[in-house]
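Notes follow the structure.
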Amino acid sequence: SYGLDQRAEQEVHALIEKLPAETIALNPTDIGKVKPSTVRVLRERRQLSAAANKRKLSQKKNKLTKKILRKDKFARKQLKRQSRGVERVQREKSKIEKKFDSALDQALSRFE
């Protein structure tokens with residue numbers, strides 16, 4: 001991104017140098033300001049593109065996984081083992097979170 005920024009800045013400088021100095025005028029109160037609507041629109045676009053990229057990636061992953069699993073019996077077994085391990089970790093994590101929440105509730109109840 002540094003190279004792109006630098007190139008864009010060079011293009012701006014080149015265009016400004018072509019203009020006569022009398023035609024260039026800046027309003028000092030507008031420098032550094034950004035329209036809030038523009039910022040909001042850019043955020044929304046960024047979020048939408050991130051969600052779309054995530055969906056595309058998961059679709060590609062699913063297609064690849066299905067293709068591999070159709071061909072390879074060992075890979076199917078390995079994937080099952082991995083998914084069981086992930087489920088086990090998630091169950092343990094939720095148990096710990098429940099214990100922590102109950103302990104926190106007890107501790108906070110003393111101050112009510």
Side-chain angles (χ1 to χ4, degrees):
S1 87
Y2 176 72
L4 294 176
D5 294 339
Q6 193 174 21
R7 185 169 47 196
E9 189 174 338
Q10 287 174 350
E11 289 178 14
V12 169
H13 281 289
L15 290 172
I16 290 175
E17 287 176 6
K18 291 180 182 179
L19 296 173
E22 301 82 40
T23 61
I24 301 172
L26 294 175
N27 185 354
T29 59
D30 290 342
I31 295 175
K33 291 185 180 178
V34 178
K35 292 180 185 175
S37 61
T38 308
V39 173
R40 185 174 32 83
V41 168
L42 288 175
R43 273 196 199 124
E44 289 172 359
R45 283 184 188 165
R46 217 177 282 138
Q47 289 172 349
L48 289 174
S49 67
N53 288 339
K54 199 173 189 179
R55 274 196 307 272
K56 285 179 186 177
L57 185 63
S58 67
Q59 288 172 353
K60 283 182 182 180
K61 185 179 176 184
N62 287 341
K63 283 182 181 179
L64 242 171
T65 304
K66 287 178 184 178
K67 185 177 180 181
I68 290 170
L69 293 181
R70 267 187 264 128
K71 294 181 178 182
D72 193 357
K73 185 177 179 179
F74 177 74
R76 281 194 303 261
K77 288 183 180 181
Q78 197 171 18
L79 191 64
K80 275 186 179 178
R81 286 186 199 123
Q82 285 178 355
S83 65
R84 280 190 223 130
V86 168
E87 290 169 1
R88 189 178 326 118
V89 167
Q90 288 174 345
R91 280 194 306 266
E92 292 295 323
K93 198 174 187 180
S94 66
K95 284 180 187 177
I96 291 170
E97 287 173 353
K98 286 178 185 176
K99 286 181 184 179
F100 178 76
D101 288 342
S102 64
L104 184 63
D105 290 340
Q106 288 175 356
L108 292 176
S109 66
R110 290 185 286 173
F111 298 104
E112 292 178 350

Determine all donor-acceptor pairs shorter than 3.5 Å in which one atom belongs to a side chain in residues 49-57; sequence neighbours excluded.
from : atom 1 : to  : atom 2 : distance (Å)
S49  : OG     : R45 : O      : 3.3
S49  : OG     : R46 : O      : 2.9
N53  : ND2    : S49 : O      : 3.3

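Under a hydrophobic clustering in which Ile, Leu, Val, Met, Phe, Trp and Tyr are joined whenever their side-chain heavy atoms come within less than 4.5 Å, directly or via other members, I96 and V89 fall into different clusters.
In this structure, the side chains of E9 and Q6 stay at 4.5 Å or more apart for every pair of heavy atoms.
Rounding to the nearest 0.5 angstrom, the gap separating the NZ atom in K18 from the CD1 atom in I16 is 12.0 Å. Here the CZ-CD distance, from R43 to Q47, works out to 8.5 Å after rounding to the nearest 0.5 Å.
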Requested in this report: Take K93 and Q90, measure what side chain to side chain contact (heavy atoms under 4.5 Å, CB included) needs, and give me the verdict at the end.
Outcome: CA-CA 5 Å; K93 198 174 187 180; Q90 288 174 345; 5.5 Å; no
